[in-house]
Amino acid sequence: MQFSSKKPRAVTDLKAELYSQPLQFYAQPPLENISLSEFESFAVDRLKLLKTVENLGVSYVKLNDDYLKKLDNEIRTLNFPQDAKDQTEKRRKDHISHFILRLAYCQTEDLRRWFIQQEVDLFKYRFRKLDGGEKLEFLHKNNLQYNTISAEEKDNLREKLTISSSAASGVKVEEQDFYKVPFQDALDLVRTRKVYLKEGYAYIPHNEIVTIVLNDFRTRLSKALALTARSLPAVHSDERLQPLLNHLSHSYLGQDYSVQKNVGKISLEQIDSLAGKSFPLCMRQLHQALRDQHHLRHGGRMQYGLFLKGIGLSLEQALQFWRMEFIRGKVDADKFDKAYAYSIRHMFGKEGKRADYTPYSCMKVILSNPPSQGDYHGCPFRHSDPELLKQKLQSYKVSPSGVSQILELVKGMHYQLACQKYFELTHNQVEDTSFSLSHPNQYFTESQKVLGGGKDVKRETDTLQRPQENSAARGLTAAREPAVDESQHLAEITKNLETDFQDA
Amino acid sequence: MPSSDYDPACLPDLLPLYYRRLFPFAQYYRWLNYGGVQKNYFQNREFSFTLKDDIYVRYQSFSSQSELEKEMQKMNPYKIDIGAVYSHRPNQHNTVKSGSFQALEKELVFDIDMTDYDDVRTCCSAADICSKCWTLMTIAIRILDRSLRQDFGFHHLLWVYSGRRGVHCWVCDEAARKLSAAARSAVAEYLSLIKVKQFHFSFNINVFIKGKSLTVVKRYFPQYALQDQNILGRKESEEKVLALVPEDILYIFSVHRATTAKKRQYFEKEIMLQYCYPRLDVNVSKGVNHLLKSPFSVHPKTGRISVPIDLKDVEKFDPFAVPTISLICEELDRPKADEDEAKSEDAKEKENEQDSAEKRKIRDYKRTSLAKYVKYFDQFLAEMADSWKGKLLRQSDLQKEF
């Protein structure tokens, strides 16, 4: 894609035209110069938006109230266009970021499929927000030559049209336009028999036009991506863009947990109990394997070791931890100091090129270095056999319905959502995780938040909290346990809380 | 009409005869070439053969009618399947860069199998059929044919007897051949009221059902179900009928005797539809690259030829009257009753070698029971040919060839 402005006046006219529309088909790529930083930030923002679209789409019924509210929020936060005045800048961002992501997501079938799905959902959300007049305008401006049928024809077919559509949407045939659309463009309606068909044409009421438009959008995007893929070599030759684009499709976009705010706050004795309570499944599994076998292979040591660093283990603690465990196995103290201690110090940036490695994000764990026989690293939702995963979850006392929910998500390849579900099921008071899981350390932090007194509990037990906070560094007891010499009043409050949570 | 007793063991002897003297290669090629409107349409078509001892070979393709003939006469396939038209010649698919070899087009096909009706047949089960339950096929053909033509606007439908217990439909319109997998699946789902192996009834009866299909079913139902299948006559059948009724309606029936007329209407409609509505296997229709038994292929177990069904006579179609390969091979040797016809044709043998061989072959199938089916196939092709001529004319206009 060449960013160049050869004809400034014509371009600005086009731009003004395009950005005066609330919605577009992304038919024309942007023709202007932008800075590299804008290039990157636009792309990252859109990626965040699309990831939100994906998460919401799996967690909620699409387009229900919760979904709409949350998506609205995200759009506002990320500075994308909403229905208001003066949206030109935001629409420009929308336009450019779409095309940048096309470059990053056109390369493989999987990436394409993901990108198309999220863009279609986003488009559906936006199209639904347009009012009737805006919709018509959009159709006409984009050459969707779906013709309305004449009043005469409508009259002839009235009975059939009423039956086909009114049952679904209570719509009066006389009051609205019907479009005659080739059936290939209205497959969803055909499949469910929600439309009247005659000689290869579907007769669609105006308010069903959304489906048609969506299919059109999807088809266009699909073709465009195929074309983009072919011109990719030219883009990759630009060294500034290539690393960026590669990164985008594999990127993790959150905290990197490299700065430890809480170094030393965890003691080694706590790790066993923490593993059961606050570790994500992958780390719990690694910890278990380490305890059982007094050894972990390199992949496991890296993934788990960096995680421990992220939750606050200091270098000295880490050395002590691994040493203690390995000695119980076949490794003697000398061998440990020679072979393994070096790599632990390396992890903390004390050896070699002194790079302070950051704990692995979920993306990294899921996508790189798959485990083989005898390995315990990786993401259990991604890498474990579903049967084994089921057994493991059952042994960790996850309810059967919970287990099947998780397995459903795994089947749909939503590994991080499966982990979130695991979080919900192992933290009884949480019904709806407010965060979007993308990093094992994030899981830990959120878990500690919940167990150390999350917002719901805070409401009723402010008085209980204070004595608790002092011992936060040691023993993370659940907030429900009242301190010994509390008054009866507080004990009562706690009892009420317990019943509340049990009902949940 | 008694057909010669067919013995599968004779196939190895009968097949060479069939492929040498009876298989209608000219018509077959004419069909699959589609008027030559698209380049390499025939050459890029996949065929698959099942040979003796169950050897299965895929990705067969041929560059011309004569190559097709030679190869089939050499291999003598027990079964022939037709697949999709690909981007390259299927027999060279290994030389193509992986990912580039794609299925591009194929007829839209439907497969109706009698075993999918087992739960509502009381006369036969599994692979057996009889003239009573064959009515189910007739109803299915009528309903699907009507819907494909009137709802979807298709015109060139070839209905073929599968050779044992079902029928296939080949929709040959250009628009149909170009359909995507998603579109095929949508059409098949539109047409499936009864999901195969599941009971499924939507109370959102829309135009399709309310209209002519129900009329078709109604016309046949009384005779078929009540008499032929004797539904309400025997207790177990009566129970089967009741078992079809949805739980809630049954409850309503039992609790509130005086049920409304509307509910009874639904009840009756559902029963009729459960019994008689066409049952499709959606998976057959979905894939662009799906391989389906070819017309004029032999069914190795029954010996019957997969013949096209003339829609005008669909009610009279009798699967037991379909010629077997042994019958037609036998008929080849019988002198034709009409001796005069044979004499006048002998006179024409003075023409050159190729022509007479061709003519002999044409004469050959005409002497057998296969004749009327090939004739019908010819008619079908003639109707389609008009659309090809139009296309070719337009193409040559564009190229300014005169």
Side-chain angles (χ1 to χ4, degrees), chain A residues 106-110 112-113 116-117 120 154 156-171 173 178 180-205 208 211-212 214-220 222-223 226 229-230, chain B residues 87 97-100 102 105 108 143-144 146-157 171 173-195 200-214 266 273 277-278 280 282 285-286 288:
Chain A
C106 64
Q107 298 173 62
T108 72
E109 190 55 49
D110 281 337
R112 281 193 279 230
R113 204 177 304 146
I116 293 177
Q117 183 58 49
V120 166
K154 223 200 290 189
N156 289 337
L157 302 170
R158 183 178 327 153
E159 195 200 313
K160 309 229 160 92
L161 293 176
T162 320
I163 296 168
S164 71
S165 57
S166 69
S169 48
V171 140
V173 172
F178 274 76
K180 195 168 149 180
V181 170
F183 84 88
Q184 292 92 329
D185 291 350
L187 291 180
D188 282 335
L189 294 171
V190 168
R191 184 193 310 272
T192 50
R193 257 183 257 112
K194 289 210 172 94
V195 68
Y196 173 63
L197 276 186
K198 186 173 161 208
E199 281 168 28
Y201 287 94
Y203 289 75
I204 301 192
E208 295 275 7
T211 322
I212 311 304
L214 279 179
N215 279 337
D216 207 307
F217 180 73
R218 183 188 285 268
T219 324
R220 288 187 195 208
S222 184
K223 286 197 189 127
R230 260 177 255 168
Chain B
S87 50
K97 189 171 65 165
S98 77
S100 311
Q102 309 263 6
E105 296 190 12
L108 174 61
I143 294 180
L144 290 177
R146 188 207 71 82
S147 181
L148 286 167
R149 284 179 205 275
Q150 289 185 16
D151 296 345
F152 289 97
F154 295 128
H155 299 110
H156 305 292
L157 279 65
V171 184
D173 295 55
E174 189 185 348
R177 286 180 272 132
K178 290 179 158 35
L179 286 177
S180 65
R184 286 163 205 260
S185 133
V187 173
E189 287 190 45
Y190 176 92
L191 295 169
S192 313
L193 186 61
I194 316 277
K195 304 254 190 267
H200 169 81
F201 180 81
S202 161
F203 270 83
N204 177 24
I205 310 177
N206 91 334
V207 268
F208 179 28
I209 314 304
K210 219 170 180 204
K212 314 219 177 104
S213 293
L214 206 47
Y266 273 132
L273 290 169
Y277 206 82
L280 297 178
V282 176
S285 313
K286 263 198 314 210
V288 179

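Sequence lines set the chain letters: A, B, ... in the order given, protein chains first and strands last, and positions in each chain run from 1.
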Asks: Can you tell me if CZ on A/F217 sees more than 12 non-hydrogen neighbours from other groups inside 6.0 Å?
Replies: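 Yes, enclosed.
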Asks: With rounding to the nearest 0.5 angstrom, report the CG to OG distance, A/L197 to B/S147.
Replies: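 Here the interatomic distance stands at 7.5 Å.
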Asks: To the nearest 0.5 Å, what is the distance between NZ (A/K198) and CD (B/Q150)?
Replies: 9.5 Å
Asks: Test B/D151 against A/F183 for side chain to side chain contact (heavy atoms under 4.5 Å, CB included), laying out the working first.
Replies: CA-CA 9 Å; B/D151 296 345; A/F183 84 88; over 6 Å; no
Asks: Examine whether an atom of B/L148 lies under 4.5 Å from a heavy atom of chain A, and if so say whether it belongs to the side chain, the backbone or both; otherwise answer neither.
Replies: neither
Asks: For B/A182 and A/R191, which heavy atoms make the closest approach, and how far apart are they?
Replies: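 So the minimum-distance heavy-atom pair works out to O-NH2, 3.9 Å.
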Asks: Check B/A186 against A/L187 and note the closest heavy-atom contact, atom names and distance.
Replies: CB-CD2, 3.6 Å
